[in-house]
Asker: 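My questions all concern the structure below.
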Amino acid sequence: MTESAISAHRTPRVRFAPSPTGFLHVGSARTFIFNWLYARHNGGTIVLRIDDTDVERNTEASVQSIFEGLKWLGLDWDEEYKQSERLDLHREAAEAIFAKGLAYRDFTPAHVGDDNQSSAQGAWLCNPGMRDLSREESDRRAASGEPFALRSRVPRGEHSVLRFTDAVYGTQTKLTDEVEDFALLRSDGMPTYHLASCVDDAELRITHIIRGQDHLTNTFKHQLIFAGLGVEPPQFAHLPLLVAPDGTKLSKRKHGPVVSVTTYRDAGFLPQAYVNFLCLLGWSPKNDREYMPLDELRDLFSLEGVNRSNAVINFTEEEPFDAKAVWLNAEHIRALPVEVLARELQPFFERAGFKVTPEKVLAVTPLIRERIKLLSEAVSAADFFFVDELAPYDVAELIPPKGGDAAMARKVLETALEVLAVTNFDHDSLDQALRGAAGQLGLKAGPMFQPIRVAVCGRKNAPPLFETLVALGREVCLKRIREATENLSRIGR
RNA sequence: GUCCCCGUCGUCUAGCCCGGCCUAGGACACCGCCCUUUCACGGCGAUAACACGGGUUCAAAUCCCGUCGGGGACGCCA
């Protein structure tokens with residue numbers, strides 16, 4: 001029976017284990033999403049574990065910002081742990097491994113600074129002498145209080161092979177001779193990532209570890225730890241990395257705020273669109289589906305659909321968001337019921353300083369929902385609905401296209417003033433009345449509508465005219481058209 | 001340096017495991033046309049890729065070898 005056949009019989013328990021050293025990273029978000037999808041698809045459990053054993057770098061602010069990102073994504077989890085609260089477990093495990101002779105004390109002073117052990121002449125394997133220290137001497141030095149790190153005693157010269165089958169990358173093998181004696185415990189007694197992670201995975205009965213491919217080679221060490229613990233290792237599934245357009249791993253330092261989840265939130269992405277986008281990076285349902293709501297993603301997800309090559313997330317200085325993410329966001333925006341979209345838009349208008357009531361937003365939403373790709377764009381797409389005074393605009397735009405002149409613009413606006421004063425403010429009445437007026441002036445729809453549109457919106461590109469007039473109301477429309485005629489005469493001749 | 005992984009349109013990908021249906025499919029972006037009162041939506045169309053070189057085979061994007069290119073790991077960080 002293969003490993004995957006065995007694990008298929010277990011209800012999956014997966015975990016997402018971010019370390020709180022900054023905001024929630026795009027790559028982490030995708031790892032979380034894939035874990036969530038896998039768990040929910042298979043009726044399993046998802047564990048959130050904060051891997052905070054690095055006291056130097058972990059901050060409470062970072063924990064908060066990770067939760068903030070997770071909350072926005074809107075995906076839930078079932079259990080929650082903090083690694084720092086499980087230190088006893090880790091130390092006991094280290095003890096047990098040491099007792100079995102699978103680890104040894106290394107009294108070499110801790111490395112400081114950046115002198116890299118593994119540069120020019122191949123990989124560093126161990127600190128000479130320490131591995132072979134007699135038990136007596138080791139005990140004596142430890143008893144005298146000399147600090148030491150606990151290192152794994154990786155088999156040497158036996159030609160033993162480490163092997164595991166990754167659900168994505170297939171069978172992986174490596175000679176133990178090529179694995180260094182990695183640390184289990186630091187000289188301050190704290191567990192390292194490798195130890196803490198494996199001990200917790202074992203203790204929490206994690207069945208599937210779905211994580212970034214940057215851990216693929218670390219997995220051999222983890223095999224060793226699980227063996228030392230005397231437990232069957234979980235199934236591993238490594239995900240291809242998300243990389244920047246330059247091909248390198250996304251980093252906060254190098255690539256800036258585009259690697260933070262909250263940047264997308266603030267720019268007006270819908271979480272479901274963002275999740276959809278991230279899923280398409282390194283995974284495919286293989287049926288040409290692109291736009292997918294969460295339910296569909298969950299139903300379709302499988303590890304077999306995960307591919308092995310890194311995925312570029314496209315962004316530039318000018319266009320900070322991947323065009324496909326933006327397109328998907330527009331798709332999700334259009335898929336939203338108007339009331340729901342209106343509620344999403346409300347805070348963006350408020351933040352822009354507009355006086356908005358839910359009713360007004362609800363009236364405006366259908367007019368802009370096909371015109372925005374990001375929620376934040378609603379502000380510039382619909383500003384004229386909310387401001388008291390239109391911002392100054394180019395008066396020349398009032399002049400009808402295709403050979404119109406100022407006199408024609410004036411005529412159109414004066415006619416509009418008369419018509420709008422007496423016409424019912426509903427779509428059909430307005431349509432009929434304004435088209436009729438155009439006919440009498442001998443004008444086509446275009447030349448008739450543009451001056452009016454510019455007068456009430458302050459720009460040429462705007463939502464359909466009649467709906468816009470209705471949303472604006474008679475009073476505002478008349479006022480703005482009157483102002484437009486005045487502007488026209490001021491520069492008219 | 002050592003080890004590991006990857007390499008299909010500009011980008012995300014399907015096809016690769018189980019060679020022929022691939023004159024390589026879809027999507028985004030870009031360009032053009034149509035719809036239309038503007039913008040947008042929508043519809044239609046165009047451009048665009050199997051990294052390279054050797055094999056194996058009647059037949060290779062698909063199998064094998066090599067080269068090149070890219071990425072990752074190698075820490076008492078995670």
Side-chain angles (χ1 to χ4, degrees), chain A residues 17-21 51-54 56-58 106 108-112 114 116-125 147-151 166 169-170 172-175 178-180 182-194 196-197 212-221 238 240-241 243 245 247-249 277 280-291 307-314 319 322-328 330 334 368-373 381 397 401 431 434-435 438 444-450 452-454 457 459-466:
Chain A
S19 62
T21 54
D51 278 7
D52 56 350
T53 53
D54 184 356
E56 301 283 303
R57 303 202 305 156
N58 296 161
D106 181 354
T108 311
H111 267 269
V112 276
D114 54 353
N116 202 341
Q117 295 166 317
S118 56
S119 50
Q121 35 278 356
W124 169 91
L125 287 176
F148 63 86
L150 192 70
R151 283 188 187 283
D166 188 272
Y169 287 89
Q172 304 292 314
T173 56
K174 189 165 190 165
L175 257 16
E178 281 158 353
V179 178
E180 72 280 7
F182 56 95
L184 262 15
L185 245 30
R186 307 179 209 170
S187 49
D188 61 3
M190 287 291 280
T192 61
Y193 160 77
H194 299 302
S197 178
Q213 194 241 40
D214 45 352
H215 282 301
L216 192 61
T217 45
N218 283 334
T219 307
F220 294 107
K221 294 170 198 158
H238 287 87
L241 261 23
V243 298
T248 60
K249 198 158 84 153
F277 169 64
L280 261 20
L281 259 25
W283 172 78
S284 163
K286 303 189 187 296
N287 61 178
D288 287 346
R289 292 283 290 159
E290 304 262 343
Y291 162 81
N307 43 251
R308 285 170 284 274
S309 48
N310 292 171
V312 173
I313 161 159
N314 238 329
E319 295 291 335
D322 191 300
K324 197 150 197 173
V326 173
W327 169 74
L328 275 169
R334 285 179 231 131
I368 58 169
R369 76 189 207 138
E370 273 161 17
R371 271 160 264 268
I372 57 172
K373 288 176 156 51
E397 296 199 330
D431 186 330
L434 256 10
R435 279 187 205 276
K444 292 212 180 196
M448 178 73 193
F449 295 167
Q450 170 155 323
I452 306 174
R453 176 181 298 110
V454 173
C457 301
R459 72 178 71 136
K460 273 195 288 201
N461 299 343
L465 187 58
F466 310 128

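Proteins get letters first, then strands, A, B, ... in listed order; numbering begins at 1 in each.
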Asker: Is A:Val179 close to A:Lys221 at the side-chain level, that is, under 4.5 Å between some pair of heavy atoms?
Answerer: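 Contact flag for A:Lys221/A:Val179 side chains = yes.
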
Asker: What about A:His215 and A:Tyr193, are their ring centers closer than 6.0 Å?
Answerer: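 A:His215 vs A:Tyr193: aromatic centres under 6.0 Å.
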
Asker: Using side-chain contact (heavy atoms from CB on, under 4.5 Å) as the criterion, list what pairs up with A:Pro447, not counting sequence neighbours.
Answerer: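 Checked A:Pro447 against side-chain contact (heavy atoms from CB on, under 4.5 Å); matches are A:Pro400, A:Leu443, A:Lys444.
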
Asker: Whole angstrom is fine here: how far is it from CZ in A:Phe466 over to P in B:U38?
Answerer: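 In whole Å, B:U38 P lies 12 Å from A:Phe466 CZ.
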
Asker: Distance check, C1' atoms only: B:G66 and B:G26, in whole angstrom units.
Answerer: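 Straight-line distance between the two C1' atoms is 34 Å.
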
Asker: Just checking A:Pro401: base, sugar-phosphate only, or nothing, at a heavy-atom cut-off of under 4.0 Å?
Answerer: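 Contact class for A:Pro401: none.
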
Asker: Give one of base, sugar-phosphate or nothing for A:Pro447, where a contact means two heavy atoms less than 4.0 Å apart.
Answerer: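 Contact class for A:Pro447: none.
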
Asker: Strictly under 4.0 angstrom, non-hydrogen atoms only: write out the protein contact profile of nucleotides 17-30 of chain B, one letter per nucleotide from the 5' end, B, S or -.
Answerer: --------BBBSS-

Asker: May I ask you to say what A:Pro245 touches in the nucleic acid, namely base, sugar-phosphate or nothing, with a heavy-atom cut-off under 4.0 Å?
Answerer: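 Nothing: the residue A:Pro245, judged by heavy atoms under 4.0 Å, touches no strand.
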
Asker: In the strands shown, is B:C74 matched to any nucleotide by a Watson-Crick or G-U wobble pair with both distances under 3.5 Å, and which?
Answerer: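 Per the H-bond distance test, B:G1.
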
Asker: Using atom C1' in both nucleotides, what's the gap between B:A49 and B:C9 to the nearest angstrom?
Answerer: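 Per the computed distance, 4 Å lies between those C1' atoms.
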
Asker: According to the Watson-Crick and G-U wobble definitions, with both distances under 3.5 Å, which nucleotide is paired to B:C58?
Answerer: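 By the stated definition (distances under 3.5 Å), B:G20 pairs with B:C58.
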
Asker: Round to the nearest Å and state the distance from A:Glu180 atom CD to B:G1 atom P.
Answerer: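 Checked: the CD to P distance equals 18 Å.
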
Asker: Which value, in whole Å, describes the distance between the C1' atoms of nucleotides B:C63 and B:G15?
Answerer: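 Going atom to atom, C1' in each nucleotide, I get 16 Å.
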
Asker: Could you tell me which residues satisfy ring-ring contact (aromatic ring centres under 6.0 Å, His included) with A:His194, sequence neighbours excluded, listed by chain and number?
Answerer: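 Testing A:His194 for ring-ring contact (aromatic ring centres under 6.0 Å, His included), a comparison that skips the adjacent residues, returns A:Phe182, A:His222.
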
Asker: Identify, with sequence neighbours excluded, every residue that meets side-chain contact (heavy atoms from CB on, under 4.5 Å) alongside A:Thr219.
Answerer: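 Partners of A:Thr219 under the side-chain contact (heavy atoms from CB on, under 4.5 Å) test: A:Phe164, A:Arg211, A:Gln223, A:Phe236, A:His238.
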
Asker: Find the distance A:Phe220:CZ to B:C3:P and express it as a whole number of Å.
Answerer: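 Taking atom P of B:C3 as the reference, CZ of A:Phe220 is at 13 Å.
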
Asker: Map A:Thr53 and A:Leu281 onto RNA chain B by nearest heavy atom, then report which one ends up closer to the 5' terminus.
Answerer: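 Comparing both residues, the 5'-ward one is A:Leu281.
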
Asker: I'd like the C1' distance from B:C50 over to B:C6, given in whole Å.
Answerer: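 That atom pair is separated by 15 Å.
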
Asker: Describe the nucleic acid contact of A:Gln172 in one word from base, sugar-phosphate, nothing, applying a heavy-atom distance below 4.0 Å.
Answerer: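 Contact class for A:Gln172: sugar-phosphate only.
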
Asker: With sugar-phosphate meaning primed atoms plus P, OP1 and OP2, does A:Gly282 contact a base, only sugar-phosphate, or nothing at under 4.0 Å between heavy atoms?
Answerer: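 If one applies the 4.0 Å heavy-atom cut-off, A:Gly282 turns out to touch the sugar-phosphate alone, with no base involved.
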
Asker: So what does A:Arg334 touch, heavy atoms closer than 4.0 Å: a base, only the sugar-phosphate, or nothing?
Answerer: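 Sugar-phosphate only.
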
Asker: Please name all residues satisfying side chain to side chain donor-acceptor pair (under 3.5 Å) with A:Asp51, sequence neighbours left out, ordered by chain then number.
Answerer: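 Scan of A:Asp51 (side chain to side chain donor-acceptor pair (under 3.5 Å), adjacent residues dropped) gives A:Arg49, A:Gln83.
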
Asker: Can you check nucleotides 61-71 of chain B for protein contacts, nitrogen or oxygen pairs under 3.5 Å, and list what you find?
Answerer:
residue : atom : partner  : partner atom : Å
B:G71   : O2'  : A:Asn310 : OD1          : 3.1

Asker: Say we look at B:C21 and B:A59: how far apart would their C1' atoms be, to the nearest angstrom?
Answerer: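 Comparing C1' positions in B:C21 and B:A59 gives a spacing of 13 Å.
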
Asker: Quick check: does any side chain N or O of A:Gln450 sit under 3.5 Å from a backbone N or O of A:Glu397, one acting as donor and the other as acceptor?
Answerer: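 Such a contact is found between A:Gln450 side chain and A:Glu397 backbone.
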
Asker: Please report, rounded to the nearest Å, how far the C1' atom of B:A73 is from the NZ atom of A:Lys221.
Answerer: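 Between C1' of B:A73 and NZ of A:Lys221: 7 Å.
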
Asker: Taking OH from A:Tyr169 and C1' from B:A73, how many angstroms apart are they, rounded to a whole number?
Answerer: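 After rounding, the gap between these two atoms is 13 Å.
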
Asker: With a 3.5 Å cut-off and heavy atoms only, can you find an N or O donor on one side and an acceptor on the other between the side chain of A:Thr217 and the base of B:C4?
Answerer: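 No.
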
Asker: Name all residues meeting the side chain to side chain donor-acceptor pair (under 3.5 Å) criterion together with A:Glu290; count only those two or more places apart in sequence or in a different chain, and write none if there are none.
Answerer: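 With neighbours one apart ignored, the set is A:Lys324.
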
Asker: Using the P atom on both, measure B:C16 against B:A61 and round to a whole Å.
Answerer: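 Going atom to atom, P in each nucleotide, I get 14 Å.
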
Asker: Who is the Watson-Crick or G-U wobble partner of B:A14, with both distances under 3.5 Å?
Answerer: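 B:A14 is paired with nothing.
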
Asker: So A:Ala462, base contact, sugar-phosphate only, or nothing? Heavy-atom distance under 4.0 Å.
Answerer: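 Base contact - A:Ala462 has a heavy atom under 4.0 Å of at least one base atom.
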
Asker: Which part of the nucleic acid, if any, lies within reach of A:Asn307 when heavy atoms closer than 4.0 Å are counted: base, sugar-phosphate only, or nothing?
Answerer: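 Sugar-phosphate, no base atom in range.
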
Asker: Using a heavy-atom cut-off of 4.0 Å across all strands, would you classify A:Asp54 as base, sugar-phosphate, or nothing?
Answerer: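 Sugar-phosphate contact only - A:Asp54 comes under 4.0 Å of backbone atoms but never of a base.
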
Asker: Checking A:Arg334 now: which residues fulfil side-chain contact (heavy atoms from CB on, under 4.5 Å) with it, not counting sequence neighbours?
Answerer: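 Listed in chain order: A:Ala330, A:Glu331, A:Glu370.
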
Asker: Please classify the nucleic acid contact of A:Thr192 as base, sugar-phosphate, or nothing, using heavy-atom distances under 4.0 Å.
Answerer: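 The residue A:Thr192 makes sugar-phosphate contact but no base contact.
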
Asker: Could you tell me whether A:Arg151 and A:Glu180 make a salt bridge, using a distance below 4.0 angstrom between a side-chain N and a carboxylate O?
Answerer: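 No.
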
Asker: By nearest nucleotide on RNA chain B, pick out whichever of A:Asn314 and A:Ser19 is the more 5' one.
Answerer: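 Its nearest nucleotide being more 5', the pick is A:Asn314.
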
Asker: Between B:C74 atom P and A:Tyr193 atom OH, what is the distance in whole Å?
Answerer: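 Checked: the OH to P distance equals 11 Å.
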
Asker: Output all residues satisfying ring-ring contact (aromatic ring centres under 6.0 Å, His included) with A:Phe466, sequence neighbours left out; order by chain, then residue number.
Answerer: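 ring-ring contact (aromatic ring centres under 6.0 Å, His included) list for A:Phe466, sorted by chain: A:His427, A:Phe449.
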
Asker: Side chains of A:Leu216 and A:Gln172: does their closest heavy-atom pair fall under 4.5 Å?
Answerer: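 Yes, side chains in contact.
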
Asker: Is there a Watson-Crick or G-U wobble partner for B:G45 with both distances under 3.5 Å, and which nucleotide is it?
Answerer: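 Partner of B:G45: B:C31.
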
Asker: Would you say the base of B:C6 and the side-chain of A:Arg308 have a donor-acceptor pair closer than 3.5 Å?
Answerer: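 Check fails, no donor-acceptor contact within cut-off.
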
Asker: Measure the distance from CG on A:Asp214 to P on B:C77 and round it to the nearest whole Å.
Answerer: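 A:Asp214 atom CG is separated from B:C77 atom P by 17 Å.
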
Asker: Determine the Euclidean distance between corresponding P atoms of B:C44 and B:A27; express it in Å to zero decimal places.
Answerer: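 Taking atom P in both B:A27 and B:C44, they lie 9 Å apart.
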
Asker: How long is the line joining NE2 of A:His194 and P of B:A73, in whole Å?
Answerer: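 One finds 11 Å between P of B:A73 and NE2 of A:His194, rounded.
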
Asker: Which pair of non-hydrogen atoms, one from A:Leu434 and one from A:Ile452, has the smallest distance, and what is that distance?
Answerer: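 Taking A:Leu434 first and A:Ile452 second, the nearest heavy atoms are CG-CD1, 4.3 Å.
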
Asker: When the P atoms of B:U47 and B:G10 are considered, how many whole Å apart are they?
Answerer: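 Straight-line distance between the two P atoms is 14 Å.
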
Asker: Strictly below 4.0 Å: does A:Arg371 bring a side-chain N or O up to OP1 or OP2 of B:C41?
Answerer: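 Result: no.
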
Asker: Can you check whether A:Lys460 has a side-chain N or O nearer than 4.0 Å to OP1 or OP2 of B:C39?
Answerer: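 It does not, given that no N or O in the side chain of A:Lys460 lies less than 4.0 Å from OP1 or OP2 of B:C39.
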
